[in-house]
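For reference, the structure is listed below as structure tokens.
What you see is a predicted model, and the numbers here were worked out from it, not measured in a lab.
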Number of protein chains: 2
Amino acid sequence: MTTPAPSSSLDFALDRTSPVPLYYQLAQQLESAIEHGALAPGSLLGNEIELAGRLGLSRPTVRQAIQSLVDKGLLVRRRGVGTQVVHSQVKRPLELSSLYDDLEAAGQSPATRVLRNEVQPASAEVAAALGIAEGSDVIVLERLRLTHGQPMAFLCNFLPAGLLQLDTAKLEATGLYRMMRAAGITLHSARQSIGARCATVDEAERLEETEGAALLTMQRTAYDSTGRIVEYGTHIYRASRYAFEFQLLVRS
Amino acid sequence: MTTPAPSSSLDFALDRTSPVPLYYQLAQQLESAIEHGALAPGSLLGNEIELAGRLGLSRPTVRQAIQSLVDKGLLVRRRGVGTQVVHSQVKRPLELSSLYDDLEAAGQSPATRVLRNEVQPASAEVAAALGIAEGSDVIVLERLRLTHGQPMAFLCNFLPAGLLQLDTAKLEATGLYRMMRAAGITLHSARQSIGARCATVDEAERLEETEGAALLTMQRTAYDSTGRIVEYGTHIYRASRYAFEFQLLVRS
DNA sequence: AAGTGGTCTAGACCACTCT
DNA sequence: GAGTGGTCTAGACCACTTC
């Protein structure tokens with residue numbers, strides 16, 4: 001097991017007239033070099049000082065670029081040794097992602113059928129979940145998500161009224177999160193709970209399953225960057241057709 | 001909705017003789033100030049330059065401390081505005097955590113019954129999952145996890161043989177991940193898949209459930225910092241007694 | 001216009017790992 | 001002892017938000 005030699009002759013093109021930060025330009029080019037295999041797994045990056053000198057950058061700037069890739073899990077730093085490309089194939093870590101986007105990225109050609117989209121007073125449960133007063137107006141959304149013409153999930157969401165205009169036609173053409181982003185709502189964090197249960201008769205019928213079939217359940221409360229609760233949802237997935245997959249990184 | 005005034009008079013005690021980095025000392029004291037409510041949600045932190053001057057630190061050092069809390073989701077920075085404490089109660093984000101530790105932290109007094117702990121040749125499936133040759137020696141581990149005397153999960157794990165000594169008594173007294181950490185194995189990342197299915201007769205009997213009961217399933221492949229696969233596991237949880245709960249942060 | 005965070009520089013010394 | 005990343009300093013200019 002020999003240590004790989006530093007890959008010395010990579011050409012990075014930095015544009016100082018670009019509004020894109022230099023550390024970010026470097027990080028992106030490093031990332032694509034790793035993805036394309038120009039930087040092999042396990043290979044050393046070469047020391048920061050020399051790299052900074054070669055690129056005409058200061059060391060902190062180079063460090064910032066490298067650190068962002070370490071945070072992404074693509075690189076590992078070891079003091080006294082150097083910075084190496086991680087061996088394993090890192091996929092994306094768990095993101096606060098949209099089911100619609102996930103399916104679309106997986107080439108599953110998702111479709112949405114909006115079953116309900118109306119404003120009504122919040123029940124006690126919904127009010128508590130959204131942190132608003134009972135009886136306040138909330139948007140109630142019920143959607144069926146299909147792939148290849150088959151039902152895959154039943155999505156029920158609640159949003160404080162007035163946060164957003166939810167056009168049914170647009171909802172069927174795209175996802176809820178994409179509409180929120182377009183409305184200037186920047187998601188910050190979410191609290192999720194994933195469980196399972198057996199389908200009731202109603203659920204089975206709605207999802208074209210049999211009674212008692214295994215269902216995955218997910219509840220999510222989403223916050224924007226000011227800490228406001230912007231969405232509460234209860235989702236049900238057919239376990240026969242869906243599983244949550246994700247990559248975790250250890251906080252160090 | 002008035003903007004909260006900067007909380008100006010917080011006293012931070014920095015110890016320059018300590019081996020603990022200054023930025024880390026500051027970050028910890030900020031974090032505990034937030035947790036204890038000395039820094040109220042929504043309150044402004046005061047600008048970095050002034051804070052640096054008051055603490056006798058340089059601005060980059062103060063920034064590093066603040067940035068680490070932003071990464072944790074406790075603070076939000078807005079250009080032209082300032083740095084604020086996030087409103088929502090941030091719990092911990094999803095970690096590559098040990099079920100044992102999670103239960104212990106929740107005061108569930110977990111117990112483990114080791115059903116199997118032996119070395120045997122890897123099957124094709126296990127070899128593929130661990131990235132080793134078929135027929136190589138692997139440790140096979142089967143455990144029942146109980147809380148309050150009731151079965152909660154059935155854990156099946158595979159590890160490359162020779163990585164670790166797995167004493168059955170120690171396994172029953174603590175968790176696998178804690179033993180790996182003690183053996184100098186530093187986890188780096190893991191790929192997980194969470195699904196659901198109905199219990200077979202055997203599974204139902206083992207977990208004291210009824211046939212057809214909903215089960216949560218989890219498969220995990222764990223990597224150390226060099227990218228080596230150090231563990232592959234298939235876990236089954238009683239959905240009536242367990243759900244995955246976690247906080248997600250949006251990558252920005 | 002004033003104040004904030006975002007980026008960047010050019011150095012410095014220390015702690016750790018390897019040979 | 002040589003080489004690496006880890007930490008830290010004291011400035012600088014820019015972009016954005018708010019008034």
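- A 4.5 Å side-chain heavy-atom check between L176(A) and R143(A) finds at least one atom pair inside the cut-off.
- Here the straight-line distance linking atom OG1 of T186(A) with atom CG of D224(A) works out to 6.0 Å at 0.5 Å rounding.
- Distances from the side chain of P60(A) to the nucleotides dG5(D), dT9(D), dA10(C) place dA10(C) closest.
- Not counting sequence neighbours, T234(B) has no partner by the side chain to side chain donor-acceptor pair (under 3.5 Å) test.
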Could you run down the sub-3.5 Å N/O contacts of the protein with nucleotides 13-17 of chain C?
residue	atom	partner	partner atom	Å
dA15(C)	O4'	R79(A)	NH1	3.3

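- Across residues 16-26 of chain B, R16(B), P21(B), L22(B), Y23(B) each have a non-hydrogen atom less than 4.0 Å from an atom of DNA chain D (numbered order).
- At whole-Å resolution of the value, CG in N47(A) and P in dG6(D) are 12 Å apart.
- Summarising the geometry, the separation between CD on E50(A) and P on dA2(D) is reported as 19 Å, rounded to the nearest angstrom.
- For D15(A) and Q25(A), the side-chain atoms include no donor-acceptor pair closer than 3.5 Å.
- Look at CD1 on I66(A): it is 12 Å from P on dT4(D), rounded to the nearest Å.
- Phosphate contact (OP1/OP2 of dT7(C), side-chain N/O of T61(A), threshold under 4.0 Å): absent.
- The CG atom of L51(B) sits 12 Å away from the P atom of dT4(C) (whole-angstrom rounding).
- Interatomic distance, CD of Q28(B) versus OH of Y23(B), reported as 10.0 Å (0.5 Å rounding).
- Residues Q120(A) and E118(A) have side chains in contact (heavy-atom distance under 4.5 Å, counting atoms from C-beta outward).
- The interatomic distance linking L57(B) (CG) with dA12(C) (P) rounds to 21 Å, in whole Å.
- Atoms CD (Q64(A)) and P (dG6(D)) sit 15 Å apart, rounded to a whole Å.
- Spacing between atom CD of Q84(B) and atom P of dT4(C) amounts to 13 Å, rounded to whole angstrom units.
- Distances were taken from every side-chain heavy atom of S58(A) (C-beta onward) to each of dG6(D), dG5(C), dC8(C); the shortest belongs to dC8(C).
- Taking the six-membered ring for Trp and thresholds of 30 and 60 degrees, Y232(A) and F158(A) have nearly parallel ring planes, at less than 30 degrees apart.
- Residue R77(A) places at least one side-chain N or O under 4.0 Å from the OP1 or OP2 atom of dG6(D).
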Give the intermediate values and the outcome of side chain to side chain contact (heavy atoms under 4.5 Å, CB included) for residues Y177(A) and L187(A). CA-CA 9 Å; Y177(A) 275 25; L187(A) 260 38; 3.3 Å; yes

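- For I49(B) and dT9(D), the CD1 to P distance is 14 Å, given to the nearest whole Å.
- E48(A) has its side chain within reach of R77(A): a pair of non-hydrogen atoms, C-beta onward, lies under 4.5 Å apart.
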